[in-house]
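One structure below.
Convention: sequence-line order gives letters A, B, ...; per-chain numbering from 1.
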2 protein chains.
Amino acid sequence: MTSASRPRRSDATRAAILNAARERFAADGYDRTTIRAVAADARIDPAMVMRYFGSKQQLFAAAADFDLRIPAITGLPPDQVGSGLAAHFLDRWEDSDSLQVMLRSAATNEAAAEHARRIFAEQVTPAVAALEPDPEEAAALAALVAAQLIGLAMCRYVLRLPPVVAMGREELVARYGPLLESVLTSRRTGTR
Amino acid sequence: MTSASRPRRSDATRAAILNAARERFAADGYDRTTIRAVAADARIDPAMVMRYFGSKQQLFAAAADFDLRIPAITGLPPDQVGSGLAAHFLDRWEDSDSLQVMLRSAATNEAAAEHARRIFAEQVTPAVAALEPDPEEAAALAALVAAQLIGLAMCRYVLRLPPVVAMGREELVARYGPLLESVLTSRRTGTR
DNA sequence: CGTGGAAGTCAACAGGTGTTGACCGCACGG
DNA sequence: CCGTGCGGTCAACACCTGTTGACTTCCACG
């Protein structure tokens with residue numbers, strides 16, 4: 001196994017490419033991001049990007065890989081789950097480009113959309129399943145939670161609707177906390 | 001005024017271009033939609049698109065112009081406002097590409113995002129302002145309503161999260177009705 | 001030293017893009 | 001009957017894209 005071998009000289013370059021790629025994908029989405037622009041940001045030749053990552057699609061896959069780090073919501077007092085989730089995601093959005101990468105790219109790139117579905121299935125669904133025994137209902141609630149957070153992120157970071165941009169962190173937490181809570185504690189009451 | 005003049009022979013072509021453009025923009029977003037593809041769909045020469053609409057950006061502006069047709073929500077009994085809104089938007093999404101045009105394009109095209117902000121200000125905000133006297137709070141509530149609907153649309157039509165796709169119309173109405181209602185009847189209770 | 005392989009550069013490719021201007025043909029008013 | 005103008009076609013432009021392969025430079029090790 002060579003995974004613990006001495007760090008190669010190229011690791012720094014690799015990381016620089018990945019940083020530049022994340023910024024570009026977050027700002028411009030998949031289609032408008034060019035390999036040449038990423039290379040220029042990282043101060044290297046476009047050919048290096050291909051050498052290290054193989055193709056634009058694989059570069060994107062590497063740049064879009066991230067962890068939502070959803071906190072365990074099982075132990076919290078029930079009236080703090082919603083505001084805790086809201087606060088967590090607001091912080092996560094502000095200090096990382098990863099979610100904007102996904103939102104801006106998934107709109108036009110099927111691989112990015114597939115990636116989003118995977119993150120949803122592997123990270124959001126299990127977290128909600130800890131609260132809801134019925135797996136089918138858990139999947140539905142997880143989807144509603146995702147819709148809440150994605151709607152907020154779209155309005156605040158992508159569309160930049162003025163009222164949403166103007167709201168501060170604590171105001172958003174105060175407004176979304178109860179909303180998320182009522183989603184999580186709701187059960188289907190309709191037909192079937 | 002020549003607006004009532006005999007219909008020109010070119011009007012049909014113009015409409016064909018617009019139809020093809022809306023489909024392409026809805027399916028692929030702004031960047032990946034090419035003038036050549038639109039022209040091929042409309043069975044005409046790419047140069048005609050330029051002749052009629054001037055540029056790709058102006059073609060987009062023409063294709064993205066639409067009306068949400070938000071129903072008057074003042075007269076409804078308070079417990080039907082939410083489900084009424086949910087039902088209206090689900091129907092609107094299913095029978096028109098316009099909203100997908102906006103969602104897919106605004107992610108990477110600033111003009112499209114500006115267009116979305118205008119539609120929000122001209123159509124969503126006034127509708128909510130009929131229920132909420134304080135204009136600042138009305139803007140905030142309108143933004144939250146928009147976030148609800150955009151989150152749902154993103155998950156169902158763009159990201160295609162399986163649980164959201166699987167839900168039927170009446171299930172979505174049943175789940176989103178109360179949610180929208182609690183948004184509309186909420187007031188800010190936090191700091192300030 | 002010198003040699004082998006990794007790291008990085010350069011120039012070019014094949015294809016696609018928005019956009020332009022010169023050209024053609026047909027209907028219609030004189 | 002002509003010719004004028006509108007609807008439409010064609011070919012080309014300048015540019016940008018992802019990707020490739022041959023080339024040079026540099027460093028570490030024998």
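- Residue pairs satisfying the side chain to side chain donor-acceptor pair (under 3.5 Å) criterion with at least one member in residues 33-42 of chain B, sequence neighbours excluded, are listed as follows: B:Arg24-B:Asp41.
- To the nearest angstrom, P of C:dA6 lies 13 Å from CE of A:Met48.
- For residues 142-163 of chain B, every residue pair satisfying the ring pair (Phe, Tyr, Trp, His ring centres under 6.0 Å) rule, not counting sequence neighbours, is listed here: B:Trp93-B:Tyr157.
- Under the ring pair (Phe, Tyr, Trp, His ring centres under 6.0 Å) criterion, no residue pair touches residues 61-88 of chain A, with sequence neighbours excluded.
- Listed by chain and number, the residues in a side-chain contact (heavy atoms from CB on, under 4.5 Å) with A:Glu23 are A:Asp97 (sequence neighbours excluded).
- With sequence neighbours left out, A:Thr125 forms a side-chain hydrogen bond (donor to acceptor under 3.5 Å, both in side chains) with no residue at all.
- Atom CG in A:Asp45 sits about 15 Å away from atom P in D:dG21, given to the nearest Å.
- For A:Phe60, the ring-ring contact (aromatic ring centres under 6.0 Å, His included) criterion is met by A:Phe25, A:Tyr30, not counting sequence neighbours.
- When the side-chain hydrogen bond (donor to acceptor under 3.5 Å, both in side chains) test is applied to A:Gln58, the partners found at least two apart in sequence or on another chain are A:Ser55.
- Remark: nothing in residues 14-27 of chain A comes within less than 4.0 Å of DNA chain C through any heavy atom.
- Positionally, the nearest nucleotide of DNA chain D for B:Ala47 lies more toward the 5' end than for the other of B:Ala47 and A:Pro46.
- Ion pair A:Glu171/A:Arg175 flagged as a salt bridge, since at least one NZ, NE, NH1 or NH2 atom sits closer than 4.0 Å to an Asp/Glu carboxylate oxygen.
- Less than 4.0 Å separates DNA chain D from at least one heavy atom of each of the following residues of residues 28-40 of chain A: A:Thr33, A:Thr34, A:Ile35, A:Arg36.
- Between A:Asp11 atom CG and C:dA6 atom C1' there is a gap of 13 Å when expressed in whole angstrom units.
- By the criterion of side-chain heavy atoms lying less than 4.5 angstrom apart, applied directly or through intervening Ile, Leu, Val, Met, Phe, Trp or Tyr residues, B:Leu68 is grouped together with B:Leu76 in one hydrophobic cluster.
- The pair A:Glu122-A:Arg117 fails the salt-bridge criterion, with no side-chain N (NZ, NE, NH1 or NH2) lying under 4.0 Å from an Asp/Glu carboxylate O.
- A salt bridge links B:Arg156 to B:Glu94: at least one charged side-chain nitrogen sits closer than 4.0 Å to a carboxylate oxygen.
- In terms of phosphate contacts, B:Thr13 brings a side-chain nitrogen or oxygen within less than 4.0 Å of OP1 or OP2 of D:dG8.
- We find that CE of B:Met50 is positioned 5 Å from P of C:dT20, with the value rounded to whole Å.
- Judged as a side chain to side chain donor-acceptor pair (under 3.5 Å), not a single pair has a partner in residues 62-78 of chain B (not counting sequence neighbours).
- Within a heavy-atom distance below 4.0 Å of DNA chain C, the residues of residues 51-61 of chain B found are B:Ser55, B:Lys56.
- Linking ILVMFWY side-chain heavy atoms closer than 4.5 Å, directly or via other members, places B:Leu59 and B:Met102 in two distinct hydrophobic clusters.
- End-to-end axis angle for the helix from C:dC1-D:dG30 to C:dG30-D:dC1, using five pairs per end and rounding to 10°, comes out at 20°.
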